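Since the structure comes first, as structure tokens, the remarks are kept for the end.
Sequence positions, counted from 1, serve as the residue numbers for this chain. All values reported here derive from a predicted model rather than from experimental measurement.
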Amino acid sequence: MAYQFVHIETYSRKPRKVKGTKDQWNCTRQVFEEAQRNPDFSRHVEGPRAPLPVVVPGAMDVFDLQALHDRRCSEIRETVTAKFGKTYSRSLRSDAPTLYTEIHSHPMPSKDFLADRARHQKEIARWADLAVRDFRKRMPEGVAFAGVIHLDEAHVHMHILALNAGDPRLDANKLHVGKAAAAVYRAAHDKPQTLSSLPKPELLPKPKKPKKPRPSKNRVTQKKNMAKHEKALAEWQAACARVEAGNARKLEEWSVDNGRHLHAARKKRSGKNPEKAAFTAAMKAFQDRYYEAVGRPCGLLRKGPGHERLTTKQYAARKASAKARAEEQVANLRFETKLEEREQALDAQARRVAAEENSLKKKEAEGGAREETVSRREREIEARVEALEKVAEQAAQREEQLAKREAALSAREEEIDAVRERAEALNLGLELIRRDQLRWVPDKKGRGGRLVHGPRDAAERPLPLEMHARLQPAMSLLEILLKIIAEIIEDALHERRMEIARDAEAVAECRRRLDLREDPVVTGILQRDNPDQRFDV
């Protein structure tokens, strides 16, 4: 193998089946782990060896690049517009291409390189350096990449894994020259007419799900209703399974017929796909550029012998001429490198002088900057102290306000408790008055009185201590109420006694006119010293 080999591809997190294989699937994790020679992902290699990292400015470790890839994918949120115009946010699709890879293979067998490293080290190092330089020139800004060299397969080859970190969706297709060219063509032209599929068969609708019965207060009825509902559910599920099986058979038959129909339509369609033509042209231009940047300087051919049907002698002569051109180019590069080294030495000396002058200027500027920094820090400290004092003052005001609120709340609670006790005492007093267990007895002198426990006709008893304590909050109000009640009762009795006295006088007058004997009862009523004096009728 004396011709160049470079292959580029993009991968997504979702596994994708490899064309032409039965059980081979590729995804970002598989690519990362295979590059690091994880045993679970390197079973196709008979004797796996630890990969050699590509150490160049800006290159990352493969493990770190994988961690960066997984973290960025989990953090991405994209806004999507639904069919009806509603927008919503979601995470990045798992089938979105997020990893770009390149495989560069050298015609040298791995066993030859391992047998004599000192002899082939410069050749392989120069090839890898040119390939990485060309990769970095082709990539846009913001691309994170890592590289490894494998020496455990047939030929020495290098993997370059890249992440389009500058893109909000990590779109790896923008790094793929062929897919990027197809996307540019697709954006500038109308979408090509697609082949029409056969109409899909009408699918049977699922039967309606039985409604759950309303709950019943009767447990037996509820149990029967639930049993009927479970039976109906089972029958409904069986019917749904039969409908789904029938629909699946219809779709499977339609898929087979539609595949045959599309295959026949593709054969009848004339002309190539313009997007595919743009993709192919871009990939050919990529291979041509790679040949000029890497293949020709390394003595590799652009195409293999089978492409031009060369004989063995012709192919050997072409390889020899390519190797001679590469050696000549290497000699020219060495001479140019010496000239560049001399120019670089002069430039370095000029830069040292300029750096010394700049360092003196920087020191003077740093002195002034330090003084300004100190004064600025002092102002910041004073401002922080003032802010802290304001915060402390506000905190003290808040504490004072909270104390006042707590005092007002406690006073309010005491008032509420006093009102509650007064209401309870008043309710108890009214209940005792209603049951004729509490009354007011005026003093004989008419200057006051006292509360008495018991009915009016019973003997006077003082209030018990416990009852007195319970009535104490409303005692003044109860005394006023009982005084009013006692006055009303006395007024009514006075009116009644006066009526009895008038009736007694009328009876006595009638008995005198009739010359009847005096009635002792009437005489007793008329002989009272005080008309309000109590007597039994």
Side-chain angles (χ1 to χ4, degrees), residues 10-28 73 76-98 169 171-173 178-179 182-183 185-216 222 224-279:
T10 59
Y11 298 92
S12 62
R13 290 172 295 164
K14 184 178 180 179
R16 183 179 57 184
K17 189 176 181 180
V18 181
K19 293 182 180 180
T21 62
K22 293 183 179 180
D23 57 351
Q24 185 176 353
W25 300 76
N26 283 338
C27 62
T28 55
C73 288
I76 292 176
R77 302 292 299 177
E78 56 182 352
T79 303
V80 182
T81 303
K83 184 189 300 183
F84 303 103
K86 183 179 180 181
T87 59
Y88 61 94
S89 178
R90 71 179 183 189
S91 58
L92 185 65
R93 291 169 57 104
S94 60
D95 58 352
T98 55
R169 298 182 72 250
D171 192 356
N173 286 344
K179 295 181 179 180
Y185 181 88
R186 186 165 50 251
H189 298 78
D190 295 334
K191 188 176 182 181
Q193 186 176 3
T194 58
L195 299 176
S196 59
S197 300
L198 295 175
K200 287 190 175 181
E202 295 185 1
L203 303 179
L204 296 175
K206 291 183 180 180
K208 292 184 178 181
K209 187 176 181 180
K211 294 183 178 180
K212 190 173 182 180
R214 293 181 178 180
S216 176
Q222 177 70 12
K224 290 181 180 179
N225 292 340
M226 291 304 297
K228 291 180 181 179
H229 179 64
E230 291 176 359
K231 184 178 179 181
L233 276 180
E235 294 176 354
W236 173 75
Q237 291 174 355
C240 290
R242 289 193 296 271
V243 171
E244 290 177 355
N247 292 338
R249 285 194 299 271
K250 289 183 179 180
L251 288 175
E252 186 177 0
E253 294 173 358
W254 172 84
S255 178
V256 174
D257 296 340
N258 188 53
R260 294 172 181 170
H261 166 73
L262 294 177
H263 182 69
R266 291 191 190 96
K267 284 187 176 181
K268 292 180 181 179
R269 186 171 61 180
S270 61
K272 294 184 179 180
N273 188 341
E275 292 184 13
K276 187 175 182 180
F279 177 90

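Qualifying side-chain hydrogen bond (donor to acceptor under 3.5 Å, both in side chains) partners for Arg90, counting only residues two or more places apart in sequence or in other chains: Glu78. For Tyr185, the ring pair (Phe, Tyr, Trp, His ring centres under 6.0 Å) test picks out His189, with sequence neighbours left out. Listed by chain and residue number, Thr79, Thr81 satisfy the side chain to side chain contact (heavy atoms under 4.5 Å, CB included) test with Thr87 (two or more places apart in sequence, or in another chain). Applying the salt bridge (Lys or Arg N to Asp or Glu O under 4.0 Å) rule to Asp257 yields no partners; only residues at least two apart in sequence or on another chain are considered. Shown here are the salt bridge (Lys or Arg N to Asp or Glu O under 4.0 Å) partners of Arg93, two or more places apart in sequence or in another chain: Asp95. Among residues two or more places apart in sequence or in another chain, the side-chain hydrogen bond (donor to acceptor under 3.5 Å, both in side chains) test is passed with Thr10 by Asn173, Lys179. Gln237 is linked by a side chain to side chain contact (heavy atoms under 4.5 Å, CB included) to nothing, counting only residues two or more places apart in sequence or in another chain. For Thr98, the side-chain hydrogen bond (donor to acceptor under 3.5 Å, both in side chains) partners are His69, not counting sequence neighbours. Applying the side-chain hydrogen bond (donor to acceptor under 3.5 Å, both in side chains) test to Arg260 and every residue at least two apart in sequence or in another chain returns nothing.
The side chain to side chain donor-acceptor pair (under 3.5 Å) analysis of residues 227-236, with sequence neighbours excluded, yields no pairs.
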Under the criterion side-chain contact (heavy atoms from CB on, under 4.5 Å), I'd like the reasoning laid out for Ser91 against Arg77: C-alpha separation, chi angles, the key distance, then a yes or no. CA-CA 5 Å; Ser91 58; Arg77 302 292 299 177; 3.6 Å; yes
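With values rounded to the nearest 0.5 angstrom, Lys212 atom NZ is found 11.5 Å from Asn225 atom CG. Rounded to the nearest 0.5 Å, atoms CD (Glu253) and OG (Ser255) are 11.0 Å apart. In this structure, the separation between CG on Leu251 and CG on Asn258 is 11.0 Å, given to the nearest 0.5 Å.
For Arg169, the CZ atom is loosely surrounded, since the number of other residues' heavy atoms within 6.0 Å does not exceed 12.
The two residues Pro215 and Gln222 come nearest to each other via the heavy atoms CA-OE1, 3.3 Å. For the residue pair Tyr88 and Ala82, the shortest heavy atom distance occurs at CE2-CB, 4.1 Å. Nearest approach of Ala96 to Ser12, heavy atoms of both residues: O-CB, 3.2 Å.
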Give every donor-acceptor pair under 3.5 Å between a side-chain atom in residues 196-208 and any protein atom, sequence neighbours left out.
unit_1: Lys206; atom_1: NZ; unit_2: Glu244; atom_2: OE2; d: 2.8

